[in-house]
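What follows is one structure encoded as structure tokens, with my remarks underneath.
These figures come from a predicted structure and were not determined experimentally.
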Amino acid sequence: QVQLVESGGGLVQAGGSLRLSCAASGGSFSNYGLGWFRQAPGKERKFVAAISWSGGTVNYEDAVKGRFTISRDNRKNLLYLQMNSLKPEDTAVYYCAARSGSGYYTLESNYDDWGQGTQVTVSS
């Protein structure tokens, strides 16, 4: 089991950028596939991006392709989500998630460990 803590959320104007971080502890970070999900008000939590244990393979939801970049630093046990060209519809609570394995995973049910989330609000 790994403990995850997100940071970096906040209020930003449309067109702006934010970088989310997710700090992991208590597990073998480099052995985990990692992902970002988001939950908008009144909606279900949805997949945003995923990255394999090595960082060599990534996958994105169509709505964020070309604007968001997922990355990881296995030496520092950190996961990142760089978000550019933000839109009001990106407003949500963003969660990082982890599961053991070498691949990348896009389903919420694939993941075992979750952070508590960080709020991102994009104003128009």
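Counting all heavy atoms, side chain and backbone alike, V58 lies closest to I51 at CG1-CG1, 3.7 Å. Across every non-hydrogen atom of A14 and S124, the tightest pair is CB-CA, 4.4 Å. When all heavy atoms of S17 and Q82 are compared, the closest pair comes out as CB-NE2, 4.0 Å. In terms of heavy-atom proximity, V48 sits nearest to V64 at O-CG2, 3.7 Å. Contact between A50 and Y104 at its shortest, heavy atoms only, is CB-CB, 4.0 Å. Across every non-hydrogen atom of A49 and Y60, the tightest pair is CB-CD2, 3.6 Å.
Of the listed residues (Q116, R45, Q119), just one forms a side-chain contact (heavy atoms from CB on, under 4.5 Å) with V93, and that residue is Q119. Screening L86, L18, L11 for a side-chain contact (heavy atoms from CB on, under 4.5 Å) with V122, the sole residue that qualifies is L86.
Inspection of the E108 and N110 side chains reveals no N or O donor paired with an N or O acceptor under 3.5 Å.
Checked by atom type and distance alone, the side chain of S52 never pairs as donor or acceptor with a backbone atom of G103 at under 3.5 Å. No side-chain donor-acceptor contact under 3.5 Å links E61 to the backbone of K65. Here the side chain of E6 pairs a donor or acceptor atom with the backbone of C96 at under 3.5 angstrom.
For the atom pair CZ of F29 and CG of L78, the computed distance is 6.5 Å after rounding to the nearest 0.5 Å. Atom OH of Y94 sits about 4.0 Å away from atom CZ of R38, to the nearest 0.5 Å. Of the inter-residue distances, the one linking L34 atom CG with D113 atom CG reads 10.0 Å to the nearest 0.5 angstrom. Rounding to the nearest 0.5 Å gives a distance of 9.5 Å between CZ of R99 and OG of S109. The distance from the OG1 atom of T69 to the CZ atom of R67 is 11.0 Å, given to the nearest 0.5 Å.
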(request) In sequence, state the C-alpha distance, the side-chain angles, and the governing distance for L20 and T118, and then conclude on side-chain contact (heavy atoms from CB on, under 4.5 Å). (result) CA-CA 8 Å; L20 305 184; T118 185; 4.0 Å; yes
(request) Show the numbers, then the answer: is there a ring pair (Phe, Tyr, Trp, His ring centres under 6.0 Å) between F37 and Y95? (result) CA-CA 5 Å; F37 289 73; Y95 299 88; 8.7 Å; no
(message) Let's go through F47 and N59 carefully: what are the C-alpha distance in whole Å and the side-chain angles of both, what is the deciding distance for side-chain contact (heavy atoms from CB on, under 4.5 Å) to 0.1 Å, and is it a yes or a no?
(response) CA-CA 10 Å; F47 169 75; N59 187 272; 3.4 Å; yes
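Hydrophobic cluster membership is shared by L81 and V12, with clusters built from Ile, Leu, Val, Met, Phe, Trp and Tyr side chains linked at under 4.5 angstrom.
Residue pairs meeting the side-chain hydrogen bond (donor to acceptor under 3.5 Å, both in side chains) criterion with at least one member in residues 20-33: none, sequence neighbours excluded.
Annotation: side-chain contact (heavy atoms from CB on, under 4.5 Å) contacts of S71 (sequence neighbours excluded): Y80. Shown here are the side-chain contact (heavy atoms from CB on, under 4.5 Å) partners of W53, two or more places apart in sequence or in another chain: R72, S102.
With respect to the salt-bridge test (charged N to carboxylate O, under 4.0 angstrom), the residues K87 and D90 do not qualify.
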